[in-house]
Amino acid sequence: MTSQVEHTRIADRQRTTTVREVTYDLLRAYGLTTIFGNVGSTEEPFLASFPSDFRYILGLQEASVVAMADGFAQAMRRPVLVNLHTGAGLGNALGAILTAFQNKTPLIITAGQQTREMLLLEPWLTNVEPTVFPRPWVKWAYEPVRAQDVPAAFMRAIATALQPPAGPVFLSLPLDDWDKPADGPAVVRTVSTRVAPDPARLRDFADAIRHASSPVLIYGGSVARGNGWNEAVALAEALHAPVWVAPAPERMPFPDDHPLFAGVLPFAKGPLSEKLEGHDLALVVGAPVFRYYPYVAGPYLPRGLRLLHISDDPAETSRAPVGDSLLGDAVLSLAALHDLLTDRAGSNGKPPAQLAHRTAPRPAPVETGAPGDRLSAAQVFTALNEIRPAHAVMVQETPSNTFDLLKAWPITEPDTYYMFASGALGWGLPAAVGIAQAERDSGRNRPVIAIIGDGASQYSIQALWNAAQLRLPLLIVIMRNEEYAILKSFAILEETPGVPGLELPAMDFVSIAKGYSCDAVRVEDLDAIKAAAATAWTKDVPTVLEIPISREIPPLI
Ligand SMILES: Cc1ncc(C[n+]2csc(CCOP(=O)(O)OP(=O)(O)O)c2C)c(N)n1
Ligand SMILES: [Mg+2]
């Protein structure tokens with residue numbers, strides 16, 4: 001028989017706030033009200049009675065879920081919540097989590113876990129060793145030891161994701177925790193997102209730069225993430241120093257129509273070193289030293305060049321093979337260096353001689369070519385650039401055509417260029433969906449274009465469904481060369497002939513895209529491309545352009 005005392009306790013508990021309610025309060029306080037997810041039985045208790053002020057964006061495969069969230073978070077400059085299905089969903093998501101880590105995107109990634117009562121015997125869909133599984137690509141992975149710890153674990157996850165270097169974190173949440181009584185209301189804390197550099201060491205850096213006869217600047221993605229174009233330009237102009245962009249940039253840190261812009265450095269050490277010849281000092285800000293891809297023999301740096309490096313990521317400052325590093329926020333450091341060095345401003349008043357190589361003109365409008373000939377990627381990009389609307393945002397994953405793209409499509413405004421920092425394919429298409437959604441939510445409403453390789457598109461093609469469901473006016477261009485072209489370039493450079501599995505015949509992107517409710521058309525000449533693209537941003541559905549392009553094997557470097 002139940003005693004009166006027990007009845008009172010049960011009644012008290014029913015009035016008590018639950019772990020779910022307190023957690024949603026905390027998420028609300030942080031504006032984490034958009035959840036990108038793919039749901040299973042272990043997540044349904046978290047999502048039950050889903051509050052009307054939250055929005056759930058269902059992705060059909062977890063790579064798309066995470067990459068959409070990554071694009072959305074970057075473009076909103078906010079942390080974003082992701083909810084995956086236990087170990088199964090986390091496994092599918094890992095490639096995209098690896099990318100989010102290298103993109104330095106603050107994602108709070110959660111997954112349900114089997115009920116605590118059965119965990120020991122590992123029932124179906126248990127996330128076995130959940131804190132090990134996502135490593136090393138999350139900054140923190142945790143499964144609360146008590147249900148009551150769930151809200152505070154979220155708070156710690158948010159703090160960890162936001163503090164520099166920002167990045168994804170992972171929480172594994174047993175499904176039976178949500179209705180348990182909470183310990184009390186959510187404790188909402190705040191943390192800082194920038195760390196200032198050591199002033200004494202920064203002065204040493206400033207002295208070295210002041211005494212250099214030919215300094216060169218190399219900027220990376222963290223300058224863009226920190227909204228630092230003005231600071232980047234100011235320092236370059238104060239020094240009259242040429243600016244290179246660090247190899248394989250995921251964001252553009254500097255306007256490429258600026259007279260001091262020198263180009264993007266090659267992603268192999270020998271060729272990169274050659275580009276820096278003639279300088280006695282290089283300052284790298286907000287990038288790793290360096291992001292290489294193929295091995296090309298040669299020194300890291302030309303003889304006589306001293307390298308200084310500023311990054312807020314201790315892993316980057318530790319693993320740099322050469323140079324002297326300083327831990328600190330890229331943009332705060334640029335501003336502080338500018339203050340320390342402004343006595344150098346106007347010292348010669350002229351752009352330095354090293355900028356000679358930058359005088360190559362933009363490609364002239366291209367010929368259409370003989371009828372029946374396939375267009376080159378460069379022709380396609382030049383045509384698209386000709387009808388490019390103001391403030392357009394470029395998202396790209398077109399591996400063999402990146403150089404042509406950057407040549408034909410100058411990046412002259414901040415936050416108008418996005419690529420992955422990792423090289424893990426399957427990010428660009430879903431990230432473009434997240435970025436387009438952010439353009440809408442932020443009210444900026446800039447047109448978004450995604451240029452995606454035919455191979456790259458297939459790793460997370462289901463994001464087309466989201467673009468259609470969200471009614472995003474997104475233009476997606478599939479560069480259909482029917483091959484993994486860059487791997488053929490790689491095979492030439494590395495002298496590995498006869499590699500199988502590099503052909504991609506018989507894919508009909510128009511049918512695939514229409515199958516996901518997108519508008520789609522195959523376009524084979526420049527006028528048709530321009531006409532189709534120009535209307536794409538005026539619609540309330542996404543448009544997929546399948547463009548057959550020539551099967552060129554461009555040089556890798
Ligand atoms: C997840 C993942 N799988 C495989 C690769 C290896 N890979 C690098 S580039 C590439 C081919 C890309 O082909 P496509 O998108 O068609 O671009 P193209 O080289 O033809 O321009 C592949 C398979 C990778 N980087 N990431
Ligand atoms: Mg291809």
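Ligands are counted one by one from 1 in listed order, and the atoms in each one are counted from 1 as well.
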*Asks:* Can you check whether Gln163's main-chain N or O pairs, donor with acceptor, with Lys139's side chain at less than 3.5 Å?
*Replies:* yes
*Asks:* Going by distance alone, is a donor N or O of one side chain under 3.5 Å from an acceptor N or O of the other, for Gln114 and Thr126?
*Replies:* no
*Asks:* Would Gln396 and Tyr417 count as having a side-chain donor-acceptor pair, cut-off 3.5 Å?
*Replies:*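 Side-chain D/A pair, Gln396 to Tyr417: present.
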*Asks:* Which of the numbered atoms in ligand 1 are under 4.0 angstrom from any heavy atom belonging to Gly455?
*Replies:*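 Counting from 1, the qualifying ligand atoms are 14 (P), 15 (O), 16 (O).
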*Asks:* Any nitrogen or oxygen of Asp454, main chain or side chain, under 3.5 Å from a nitrogen or oxygen of ligand 1?
*Replies:* yes
*Asks:* In sequence, state the C-alpha distance, the side-chain angles, and the governing distance for Leu276 and Leu265, and then conclude on side chain to side chain contact (heavy atoms under 4.5 Å, CB included).
*Replies:* CA-CA 9 Å; Leu276 301 180; Leu265 284 171; 4.2 Å; yes
*Asks:* Just by distance, with hydrogens left out, do His85 and Thr42 show a side-chain donor and acceptor under 3.5 Å apart?
*Replies:*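 Thr42 and His85 do have a side-chain donor-acceptor pair below 3.5 Å.
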*Asks:* Determine, considering heavy atoms only, which of Leu425, Leu504, Leu98, Asp404 sits nearest to atom 22 (C) of ligand 1.
*Replies:* Leu425
*Asks:* Purely on distance, is any nitrogen or oxygen of Thr398 under 3.5 Å from one on ligand 1?
*Replies:*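 Looking only at distances, the answer is no, because the N/O contact criterion of under 3.5 Å is not met.
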*Asks:* side-chain hydrogen bond (donor to acceptor under 3.5 Å, both in side chains) with Glu250: which of Arg291, Gln102, Lys104, Gln74?
*Replies:*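 The option that passes is Arg291.
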*Asks:* Would you mind checking which non-hydrogen protein atom is closest to atom 23 (C) of ligand 1, with the distance to 0.1 Å?
*Replies:*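 Answer, as residue, atom name and distance: Tyr459 OH, 3.4 Å.
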*Asks:* Name of the Asp454 N, O or S atom nearest the Mg ion (ligand 2)?
*Replies:*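 Per the distance ranking, Asp454 contributes OD1 as its closest N/O/S atom to the Mg ion (ligand 2).
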*Asks:* Under 4.0 Å from a heavy atom of Asn481: which atoms of ligand 1 are those, numbered in the order shown and with their elements?
*Replies:*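 Under 4.0 Å from Asn481, ligand 1 has these atoms: 18 (P), 20 (O), 21 (O).
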*Asks:* Do any nitrogen or oxygen atoms of Ile486 lie less than 3.5 angstrom from nitrogen or oxygen atoms of ligand 1?
*Replies:*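 Ile486 vs ligand 1: N/O contact under 3.5 Å present.
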*Asks:* Quick one: does Gly95 get a heavy atom under 4.0 Å from ligand 1?
*Replies:*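 The answer is no: ligand 1 sits nowhere under 4.0 Å from a heavy atom of Gly95.
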*Asks:* Can a non-hydrogen atom of Gly426 be found less than 4.0 Å from any atom of ligand 1?
*Replies:* no
*Asks:* Please report which non-hydrogen protein atom sits nearest to atom 13 (O) of ligand 1, along with the residue it belongs to and the distance in Å to one decimal place.
*Replies:*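 Looking only at protein heavy atoms, the one closest to atom 13 (O) of ligand 1 is Tyr484 CD2, 3.3 Å.
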*Asks:* Between Glu62 (side chain only) and Gly91 (backbone N and O only), is there a donor and an acceptor less than 3.5 Å apart?
*Replies:*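 Looks like no, no N/O pair under 3.5 Å.
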*Asks:* Where on Leu487 is there a heavy atom closer than 4.0 Å to ligand 1, on the side chain, on the backbone, on both, or on neither?
*Replies:* side chain
*Asks:* List the closest protein heavy-atom neighbour of atom 21 (O) of ligand 1: residue, atom name, distance to the nearest 0.1 Å.
*Replies:*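 Minimum-distance protein heavy atom for atom 21 (O) of ligand 1 reads Ser400 OG, 2.6 Å.
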*Asks:* Are side-chain heavy atoms of Met419 and Val395 found at a separation under 4.5 Å?
*Replies:* no
*Asks:* Run the numbers for me: atoms of ligand 1, each under 4.0 Å from some heavy atom of Ala456, listed by number.
*Replies:* 14 (P), 15 (O)
*Asks:* For ligand 1, which atoms sit closer than 4.0 Å to a heavy atom of Ala485?
*Replies:* 18 (P), 19 (O), 20 (O)
*Asks:* Among all the protein's non-hydrogen atoms, which is closest to atom 25 (N) of ligand 1, and how far away is it?
*Replies:*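 The answer is Gly423 O, 2.8 Å.
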*Asks:* Report yes if Glu483 has an N/O atom closer than 3.5 Å to an N/O atom of ligand 1; otherwise report no.
*Replies:* yes
*Asks:* If you count heavy atoms of other groups shown closer than 6.0 angstrom to CD of Glu494, is the number above 12?
*Replies:*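 Count over threshold, so yes.
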*Asks:* Out of the N/O/S atoms in Glu483, what is the name of the one closest to the Mg ion (ligand 2)?
*Replies:*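 Going through the N, O and S atoms of Glu483 one by one, O ends up nearest to the Mg ion (ligand 2).
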*Asks:* Compute both the distance and the angle, then confirm whether Lys269 meets the cation-pi test with Tyr300: under 6.0 Å from the six-membered ring centre, within 45 degrees of the axis.
*Replies:* yes
*Asks:* If the cut-off is 2.8 Å, does any N/O/S atom of Ser400 fall short of it from the Mg ion (ligand 2)?
*Replies:*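 So Ser400 does not bind the Mg ion (ligand 2) by this criterion.
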*Asks:* Using the side chain to side chain contact (heavy atoms under 4.5 Å, CB included) rule, take Phe72 and Ile435 through it: C-alpha gap first, then chi angles, then the decisive distance, then the call.
*Replies:* CA-CA 5 Å; Phe72 185 71; Ile435 289 164; over 6 Å; no
*Asks:* Given side chain to side chain contact (heavy atoms under 4.5 Å, CB included), test Ile553 with Lys488 step by step and report yes or no.
*Replies:* CA-CA 7 Å; Ile553 314 296; Lys488 295 185 178 177; 3.5 Å; yes
*Asks:* N/O to N/O below 3.5 Å, does that happen between Glu397 and ligand 1?
*Replies:* no
*Asks:* Name the orientation class of the two ring planes belonging to Phe261 and Phe254 (parallel below 30°, tilted from 30 to 60°, perpendicular beyond 60°).
*Replies:*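 If you compare the ring of Phe261 with that of Phe254, the planes turn out parallel.
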*Asks:* In the protein, what heavy atom is nearest to atom 17 (O) of ligand 1, and what distance, to one decimal place, separates them?
*Replies:*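 Of every protein heavy atom, Pro399 CD, 3.3 Å lies nearest to atom 17 (O) of ligand 1.
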